[in-house]
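The model shown is predicted, which means the values in this text are computed figures rather than measured ones. When a ligand or atom number is given, it counts from 1 through the structure's own listing order.
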Amino acid sequence: MRKPVSSVVGPRCLLAVALSLASLGVLTSCTEPPSKDSVTASQAQSTQSFAQWREGFRTQALTAGIRADTFDAAFAGIEPDESVVTADRSQPEFTRPVWQYLESAVSPARVRNGQDRLLQNAQALQRIDTTYGVEREAVVAIWGMESNFGQQMGSKNVIRSLATLAYEGRRPDFGRGQLIAALQILQHGDVPVSNMIGSWAGAMGQTQFIPTTYNRYAVDFDGDGRRDIWGSPDDALASTANYLSSSGWQRGLSWGFEVRLPQGFDYALADMDIRKPMSEWQHLGIQAVAGALSDNTQTHASLLLPAGYRGPAFLVTDNFRAILKYNNSTSYALAVGLLADSLKGGGQLAGQWPVGDVPLSRNERLELQNLLLSRGYQPGTADGIIGGNTRRAIRTYQQSIGQPADGYPTLDLLKDLRAAQ
Ligand code: CA
């Protein structure tokens with residue numbers, strides 16, 4: 001399972017990149033990946049004062065086409081924000097298991113709120129459906145996940161956050177790129193600098209777009225000439241639909257189906273890298289928990305076991321992958337899908353989550369990776385993040401000891417590995 005993001009509101013685009021890099025082979029994210037020499041650059045920068053750094057960056061920004069007056073207005077009174085540095089460097093010891101994450105992401109209050117928003121924005125959502133081919137429930141579900149329907153956009157000055165990340169963050173190259181993009185937005189006149197607010201990581205407005213994503217996908221849908229994802233729900237919703245559409249969203253296709261697996265199923269097939277037509281999954285004995293799998297048996301899908309073989313199982317389609325482009329976390333995409341279904345009165349699961357499982361702490365995840373390494377498996381760099389490589393290494397180990405190869409880390413698995421030393 002991918003690590004659920006630590007907060008229900010706001011995609012942690014920067015975090016998502018860190019996670020996707022840590023688990024090679026997973027899908028691309030909403031952001032460009034940071035370069036590998038980031039840490040070195042960061043160390044070099046720590047010898048510079050912020051004012052010195054700003055002067056150097058000003059030259060870069062002007063070379064990139066930012067006007068001096070744009071730059072100087074954006075940076076007036078800007079100093080580094082230490083809370084951004086703290087957030088950037090924090091490595092939480094515990095992350096919530098997926099079922100707890102879903103409980104708050106798809107809460108009854110959020111579902112009711114979302115249903116109200118569907119009614120309030122019905123006209124715009126109809127136009128958005130016609131223009132972009134994305135169903136209203138999916139758009140509103142993302143709105144709910146990103147900013148609680150515009151109520152929680154973050155309150156930080158985006159220029160200050162990104163300048164801090166570019167000056168002393170872990171990925172200064174990434175911060176610089178986003179900062180240039182943010183200055184381009186200001187120069188374009190979409191938003192005054194005072195209203196350009198977002199998360200500590202630079203995710204902005206009701207859609208929580210990072211600046212480069214904004215520059216590619218934000219649209220002016222209410223026709224006032226500005227792409228206002230902060231103040232205009234029409235712009236925010238259409239921008240989200242435009243992003244989903246550009247990420248391969250197919251009209252009328254469900255994000256996925258809860259399924260039942262047959263006895264003796266090979267759990268190693270539950271891997272996002274394995275994509276098969278529905279007809280093949282059906283041939284393997286997989287059935288929908290309710291109704292039919294898909295009208296189109298040629299629709300491709302992957303099998304997802306978010307909490308291992310003892311929890312609910314899903315066949316997820318290319319629309320699920322489109323949601324992952326927004327935020328590269330399977331827990332996030334599952335929450336969006338289930339929230340969208342809940343807005344239509346569905347979204348209930350038949351399978352039971354293994355709620356008795358105690359999630360592994362960061363130290364335990366590191367220990368698990370190191371034990372796998374010492375036993376000759378290849379979990380990738382031991383970083384405490386259970387990504388694709390670690391899941392594959394767990395599968396191989398599970399197969400070697402005759403256990404269901406779901407690639408899901410548990411305390412029992414860790415104990416087995418310890419005993420095997
Ligand atoms: Ca507008």
(request) Please name the pair of heavy atoms, one in Ile142 and one in Tyr332, separated by the smallest distance, quoted to 0.1 Å. (result) CG2-OH, 3.9 Å
Residues 60-67 side chain polar contacts: donor-acceptor under 3.5 Å, at least two apart:
unit_1 : atom_1 : unit_2 : atom_2 : d
Thr63  : OG1    : Thr59  : O      : 2.8
Arg67  : NE     : Asp69  : OD1    : 3.2

(request) Tell me which N, O or S atom of Asp220 sits nearest to the Ca ion (ligand 1). (result) OD1
(message) Less than 4.0 angstrom from a charged side-chain N to a carboxylate O is my criterion; do Asp318 and Arg275 meet it?
(response) yes
(request) Answer yes or no for Asp235: is there an N/O/S atom below the 3.0 Å cut-off from the Ca ion (ligand 1)? (result) yes
(message) Looking at the Ca ion (ligand 1), is there an N, O or S atom belonging to Gly225 that lies under 3.0 Å away from it?
(response) no
For residues 338-353, which side-chain N or O atoms pair as donor and acceptor with protein atoms under 3.5 Å away, sequence neighbours left out?
unit_1 : atom_1 : unit_2 : atom_2 : d
Asp341 : OD1    : Trp255 : NE1    : 3.4
Asp341 : OD2    : Trp255 : NE1    : 3.0
Ser342 : OG     : Leu338 : O      : 2.7
Gln348 : NE2    : Gly346 : O      : 3.2

(request) Kindly report the OD1-the Ca ion (ligand 1)-OD1 angle for Asp222 and Asp224 respectively, rounded to 10°. (result) 90°
